[in-house]
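Input: a single structure, listed below in structure tokens.
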2 protein chains.
Amino acid sequence: MDTLNALTVFREYLTQFIVFDDAEWAVFKDHLGFRMLKKKKHFAEQGAVCNEFGFVVKGSVRYYYVKDGEEITNYFSFENELVSSYKSFLTRQPGFNYIQALEDSFLITVSYNDLQTMLAHPMLGYKMERFGRLVAEYYLICYDDRMASFITKTPEERYLDLLTTGRDILQRMPQHYIAHFLGITPVSLSRIRRRILRVAK
Amino acid sequence: MDTLNALTVFREYLTQFIVFDDAEWAVFKDHLGFRMLKKKKHFAEQGAVCNEFGFVVKGSVRYYYVKDGEEITNYFSFENELVSSYKSFLTRQPGFNYIQALEDSFLITVSYNDLQTMLAHPMLGYKMERFGRLVAEYYLICYDDRMASFITKTPEERYLDLLTTGRDILQRMPQHYIAHFLGITPVSLSRIRRRILRVAK
DNA sequence: CCAAAACGTTAACAAAAGATAACGAATTGG
DNA sequence: CCAATTCGTTATCTTTTGTTAACGTTTTGG
């Protein structure tokens, strides 16, 4: 996909938060970057400050921590979703997690500095603040739902939920990543799948 | 505490996000409400749209779900913290959780309508958008940390973390609420505490 | 002040999950 | 294309957690 199409897709995505008129878009557009991310390459790394947020035009990424030398995947982003090590990006402190492309991916990026410039821009400032608020609120709600599922549901229930709402994750992610995403080990997920199959028959 | 003092405390709290000059504050102030919440009374209820967010001047609240007839506490707010059923407040849809005062509490409140009025206010709009963004970002980071602890840590590790960072929760909340907050049952937390005591000796 | 309810601990047992290892199947990366 | 790695499942064993119930203590609310 060429950058022109990518921009069109991104602008369309943004309308759920904010609608830029052509003059505003012209300015906004100039602050965007494009980034090809080869499979297994990192968008963010532990110990480094994350200087960009991205929009996934094509491909997918996983977020993971390393604990006791082991990788623990805790999230994914696919096409038409944003991606960033949010805490690091927002606080300007080194992040704790990695973000890695799982396929050759293409992203539109906004650097922290460009974002600040736009937030302070006479023409764009108000809308950018609003955009930032609405995006943050959107993700706040996502986190809220996910926390609720950890507090009120068993791993098996979370997996059953995923069966109805997580098509992308189920179809495009290996099972051991999904296991950690659900808060359990791959072996345990394998057993849960068998339990469910037995009941289903 | 009288409302005048409460306003001073709230204004001071807000400075971590936004600083209002006196003219702005005069307008902002007019959109605030005050609410005494007797112990065990609810600030938000399952099935009802949450029409306000609050600032806890005095007291404390717990957030809980009801699952299979059982109450599952998943969060707390204390003095100098905000409180709301955020998803319901932001989406205008009925909420899934209850918020209940655990002591006689005093809150400053902002209704959804007043917030919208201020967001559209010529003088206040920009700062209010910014305020909203920064608050949402702040809570996003809180959720991010909490999710990470559920994905990467055991219940025992989460309890040990709480021992160093959760003074208010440990000292002011009954143990069975804390257990659910950690994602386990009260019986299990009791065992974890015993394990830790045995090791400590 | 007192009866009722709520709370924290412990025990006993069942269920689930973690750790480790083994195995074939699938994927991968030259 | 093939050797090496990764992946998903299964088995075994251990640890942890859930469930239920009992108990004494504390708190609560008339």
Side-chain angles (χ1 to χ4, degrees), chain A residues 38-41 60 62 64-74 76 100-104 149-160 162-163 169-201, chain B residues 38-41 60 62 64-74 76 100-104 149-160 162-163 169-201:
Chain A
K38 283 276 181 203
K39 185 173 180 172
K40 301 215 172 168
K41 290 292 178 186
S60 57
R62 70 171 176 129
Y64 67 94
Y65 294 87
V66 173
K67 188 194 179 190
D68 304 333
E70 207 197 358
E71 298 181 356
I72 302 182
T73 298
N74 78 321
F76 311 101
Q100 180 189 47
L102 294 169
E103 325 163 42
D104 289 352
S149 81
F150 270 83
I151 289 283
T152 64
K153 294 182 180 178
T154 64
E156 181 165 333
E157 289 172 317
R158 286 199 291 280
Y159 179 69
L160 289 169
L162 200 65
L163 287 178
I169 291 175
L170 289 170
Q171 293 183 352
R172 296 169 66 178
M173 293 298 141
Q175 199 167 306
H176 64 293
Y177 290 168
I178 297 175
H180 288 302
F181 172 72
L182 294 172
I184 56 178
T185 61
V187 176
S188 192
L189 178 55
S190 188
R191 283 187 292 230
I192 286 172
R193 284 162 51 85
R194 186 170 37 152
R195 274 209 300 273
I196 291 171
L197 275 179
R198 287 187 56 78
V199 171
K201 282 181 184 169
Chain B
K38 284 276 180 202
K39 185 173 181 172
K40 302 217 171 167
K41 291 292 177 185
S60 57
R62 70 172 175 129
Y64 68 94
Y65 294 87
V66 173
K67 187 194 179 191
D68 303 332
E70 207 196 359
E71 297 181 357
I72 302 182
T73 298
N74 78 321
F76 310 101
Q100 181 189 47
L102 294 169
E103 323 163 44
D104 290 352
S149 81
F150 270 83
I151 289 284
T152 65
K153 294 181 179 176
T154 63
E156 181 164 334
E157 288 172 318
R158 287 200 291 281
Y159 180 68
L160 288 169
L162 199 64
L163 286 178
I169 292 174
L170 289 171
Q171 293 183 350
R172 297 169 65 177
M173 294 297 141
Q175 198 168 304
H176 64 293
Y177 291 167
I178 298 175
H180 289 302
F181 172 74
L182 294 172
I184 56 179
T185 61
V187 176
S188 191
L189 177 55
S190 188
R191 283 188 292 232
I192 285 171
R193 285 162 51 85
R194 184 169 41 149
R195 274 206 302 273
I196 291 171
L197 276 179
R198 288 188 56 78
V199 172
K201 284 183 185 171

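Below, read A as the first sequence line, B as the second, and so on, with proteins coming before strands; counting in each chain starts at 1.
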Counted 5' to 3', the first and last nucleotides of DNA chain C within 4.0 Å (strictly under) of a heavy-atom of chain A are dA17(C) to dG29(C)
[X] side chain near [Y] side chain, heavy-atom distance below 4.5 Å:
| X | Y | result |
| --- | --- | --- |
| Leu170(A) | Tyr159(A) | yes |
| Ile184(B) | Ile192(B) | yes |
| Arg158(B) | Phe181(B) | no |

Shortest non-hydrogen pair, Phe76(B) vs Ile178(B), comes out as CZ-N, 4.3 Å
Heavy atoms of Thr152(A) and Lys67(B) approach each other most closely as O-NZ, 2.6 Å
Rounded to the nearest 0.5 Å, the CG atom of Asn74(A) sits from the OH atom of Tyr65(A) at a distance of 5.0 Å
Just N and O in the side chain of [X]: are any of them under 4.0 Å from OP1 or OP2 of [N]?
| X | N | answer |
| --- | --- | --- |
| Gln175(A) | dT6(D) | no |
| Arg194(B) | dT16(D) | no |
| His176(A) | dG8(D) | yes |
| Arg191(A) | dT12(D) | no |

Calculate the interatomic distance between [X] atom [atom1] and [N] atom [atom2]; express it in whole Å.
| X | N | atom1 | atom2 | answer |
| --- | --- | --- | --- | --- |
| Ile184(A) | dG8(D) | CD1 | P | 13 Å |
| Tyr159(A) | dG8(D) | OH | P | 11 Å |
| Arg195(B) | dT15(D) | CZ | C1' | 9 Å |
| Lys38(B) | dT28(D) | NZ | C1' | 16 Å |
| Ile72(B) | dT17(D) | CD1 | P | 17 Å |
| Lys39(A) | dT6(D) | NZ | P | 13 Å |
| Lys41(B) | dG29(D) | NZ | P | 12 Å |
| Glu157(A) | dT17(D) | CD | P | 18 Å |

Side-chain contact check for Val187(B): nearest option of dA21(D), dG8(D), dT16(D) is dA21(D)
For [X], answer base if it contacts any base atom (sugar-phosphate contacts may also be present), sugar-phosphate if it contacts only those atoms, and nothing otherwise; contact means non-hydrogen atoms under 4.0 Å.
| X | answer |
| --- | --- |
| Ser190(A) | base |
| Pro155(B) | sugar-phosphate |
| Ser188(B) | sugar-phosphate |

Per side-chain hydrogen bond (donor to acceptor under 3.5 Å, both in side chains), Gln100(A) is matched among Arg62(A), Lys41(A), Glu71(A) by Arg62(A)
